[in-house]
Amino acid sequence: MTAFSPEAPAVSSAAPFPGPWLSIVGIGEDGRAGLSPAAAAALDGAGLVIGGRRHLDLAAPLAAATLAWPSPLSDAYPAILARRGQPTCVLATGDPFHYGVGAELARLVPAGEILAYPQASAFSLAAARLGWPLAEVACLTLHGRALERVIPHLQPGARLLALSWDGSTPGKLAALLTGRGFPRSRLTVLEAMGGPRERRRTGLAAEFSEHGIDPLNTIAVEVAAEADARVIPLTPGLDDAWFENDGQLTKAEIRAVTLAALRPRAGQRLWDVGAGSGSVGIEWSLRHPANRAVAIEAREERAARIRRNAAHLGVPDLQVVVGRAPESLAGLPAPDAAFIGGGVFDPALVAAVLGALPSGGRLVANAVTLESEALLLRLRAERGGTLRRLSVARAEPVGPLTGWRTAMPVTQWALTKP
């Protein structure tokens, strides 16, 4: 087989539809022996075969020119697109459309120009090995992703399947589980499934040894929680003590009402303006795995605190922007909803946020000072929306006795943009 140079211009998307020319072939650890006749024919009929070096070795012998994926993978996309209309084959692990390269290529090449030949995914193989009903298992990837993404899935009794980044991932995950109060969770590491090197090892998180694990592995977790484990609840209003803060924190009860007022939907993006400790943006992100949040905070030490809170609570992808609003809002991805915290006082800020929201977008603003409340009263008179006052009292010690301590009342204005 001969190497192929990725230095090639992309073909204009205006070119006529050529019919299927790009084959995406899932290949397992059993190599060519596991390919269907149609997949093998697509591989052998290609003029160029692209894949990881391991994939190319598994598919050997190859008569076509080959291209090993560069880093990043996207550097090879122009070379693939330049071959539009010519038989081209991309090799992928298992099911190319389950956390695989197939989804990325389908964003560049119309589905009508692709022929895909998937094999069993690592999730399917692992579930089959363990006898787990796949529909009842949380499937996620830690390949190229932050380990903390697993945290929201750590529910007592849950079963997880996670794709690893490399041989060190199982040990890191075991340490995370132990540190968060899940030391008796059972880990099963399934290595190189489907081939001659397949191996399995099992152990409790607190006792797990990571020595000699194959880089190609999938981790199965049976979650067992201690009484003091940090389990992320399914409802908003996390315990205030879970957030590192300097006092700039939307308290749990107000936060729960604020999330309800924001009305998050799956896949939406929130602007958390004047984020403080990041609690509202973090809880927004926890409502659904596809939700995104941007925390805008003027002070760097608070921005660093937001990043730590986001990682600790399982949403490490939360975006943090350091700068003063409204100037720092320029160029940000448009929000579906926005929250302005208790320091709202600038009409220009509210106007900028409203201007960025689409029709039907939600804006919620909380005020704790008389000046901020006056602004919200004026905004409601000018623009409509709903206004409510929230007051919370908590029982606290008063000497040897107990009494109610009332927090500062919060005035909340909520608006759906016409």
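The shown structure was predicted, so the numbers you read here are calculated from the model rather than taken from an experiment.
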(message) For a quick check under 3.5 Å, do Arg230 and His312 share a side-chain donor-acceptor pair by atom type?
(response) yes
Asp75 side chain to Leu73 backbone, donor-acceptor under 3.5 Å = no
**Asked** Is any side-chain heavy atom of Ile232 less than 4.5 Å from a side-chain heavy atom of Leu154?
**Response** no
(message) Run Ile80 and Val90 through side-chain contact (heavy atoms from CB on, under 4.5 Å) and show every step you take.
(response) CA-CA 9 Å; Ile80 296 172; Val90 171; 4.3 Å; yes
For Gly384 and Trp413 the tightest heavy-atom approach is O-NE1, 2.8 Å
The reported gap from CD in Glu198 to CG in Asp30 (rounded to nearest 0.5 angstrom) is 10.5 Å
Applying side-chain hydrogen bond (donor to acceptor under 3.5 Å, both in side chains) to Asn309 and Ser279, what does each step give before you reach the verdict? CA-CA 8 Å; Asn309 283 333; Ser279 62; over 6 Å; no
Val353 and Ala338 have their tightest heavy-atom pair at CG1-CB, 3.3 Å
Next on the checklist: Is there a side-chain hydrogen bond (donor to acceptor under 3.5 Å, both in side chains) between Glu244 and Ser277? Walk through the geometry before answering.
Outcome noted: CA-CA 7 Å; Glu244 181 186 345; Ser277 63; over 6 Å; no
- prompt: So do Ile50 and Leu91 actually touch side chain to side chain, heavy atoms under 4.5 Å?
  reply: no
Report task. Inspect the contact between Glu327 and Arg324 and indicate whether a charged nitrogen and a carboxylate oxygen are less than 4.0 angstrom apart. Result -> no
When every non-hydrogen atom of Leu130 is compared with those of Ala220, the smallest separation belongs to CD1-CB, 3.4 Å
Are side-chain N/O atoms of Glu222 and Ser185 paired as donor and acceptor at under 3.5 Å?
no
Handout entry: Arg199 bridged to Asp214 by N-O distance under 4.0 Å
Key = no
_Counting only heavy atoms from other residues, nucleotides and ligands, does the tally under 6.0 Å from CZ of Arg265 exceed 12?_
no
- Beyond-backbone contact of Thr258 with Gln412, side-chain heavy atoms, under 4.5 angstrom: yes
- Query: If you measure from the Lys or Arg side-chain nitrogens to the Asp or Glu carboxylate oxygens, is any gap between Glu301 and Arg305 under 4.0 Å?
  - Reply: no
Note to self: Can you confirm whether the side chains of Glu373 and Thr411 place a donor and an acceptor under 3.5 Å from each other?
What the structure shows: yes
So CZ of Phe97 and CG of Leu105: to nearest 0.5 Å the spacing works out to 7.5 Å
Which is it for Thr93 and Arg54 under the side-chain hydrogen bond (donor to acceptor under 3.5 Å, both in side chains) test, yes or no, and what are the steps along the way?
CA-CA 10 Å; Thr93 300; Arg54 182 176 62 85; 3.2 Å; yes
Open item on the list: Can you tell whether the side chains of Glu136 and Arg159 come within less than 4.0 Å, N to carboxylate O?
Closed with: no
Quiz item: Can Glu191 and Arg197 be counted as an ion pair, charged N to O under 4.0 angstrom?
Solution: no
**OP:** Answer with yes or no whether the side chains of Ser164 and Asn217 bring together a donor and an acceptor at under 3.5 Å.
**Re:** yes
Closest non-hydrogen contact found for Val273 with Leu349 is CG1-CD1, 3.9 Å
What one should report as the nearest heavy-atom pair of Gly385 and Arg380 is O-NE, 3.7 Å
Output for pair (Leu249 CG, Ile254 CD1), nearest 0.5 Å, gives 11.0 Å
Taking only Lys NZ, Arg NE, NH1 and NH2, and the carboxylate oxygens of Asp or Glu, determine whether Arg255 and Asp240 approach each other closer than 4.0 Å.
yes
Interatomic distance, OG@Ser391 vs CE@Met408, rounded to 0.5 Å, equals 11.0 Å
- Can you label the angle between the Trp69 ring and the Tyr77 ring as parallel, tilted or perpendicular, going by 30° and 60°? perpendicular
* To do: Would you mind checking if Asp336 and Arg362 are paired as a salt bridge, meaning a charged N to carboxylate O distance below 4.0 Å?
  => no
Here the gap from Asp272 atom CG to Ile306 atom CD1, rounded to the nearest 0.5 Å, amounts to 7.0 Å
- Query: Step by step, would you call Thr88 with Arg83 a side-chain hydrogen bond (donor to acceptor under 3.5 Å, both in side chains)?
  - Reply: CA-CA 7 Å; Thr88 304; Arg83 291 184 53 81; 2.8 Å; yes
- Message: Can you confirm if the aromatic rings of His143 and Tyr99 lie within a centre distance of less than 6.0 Å?
- Response: no
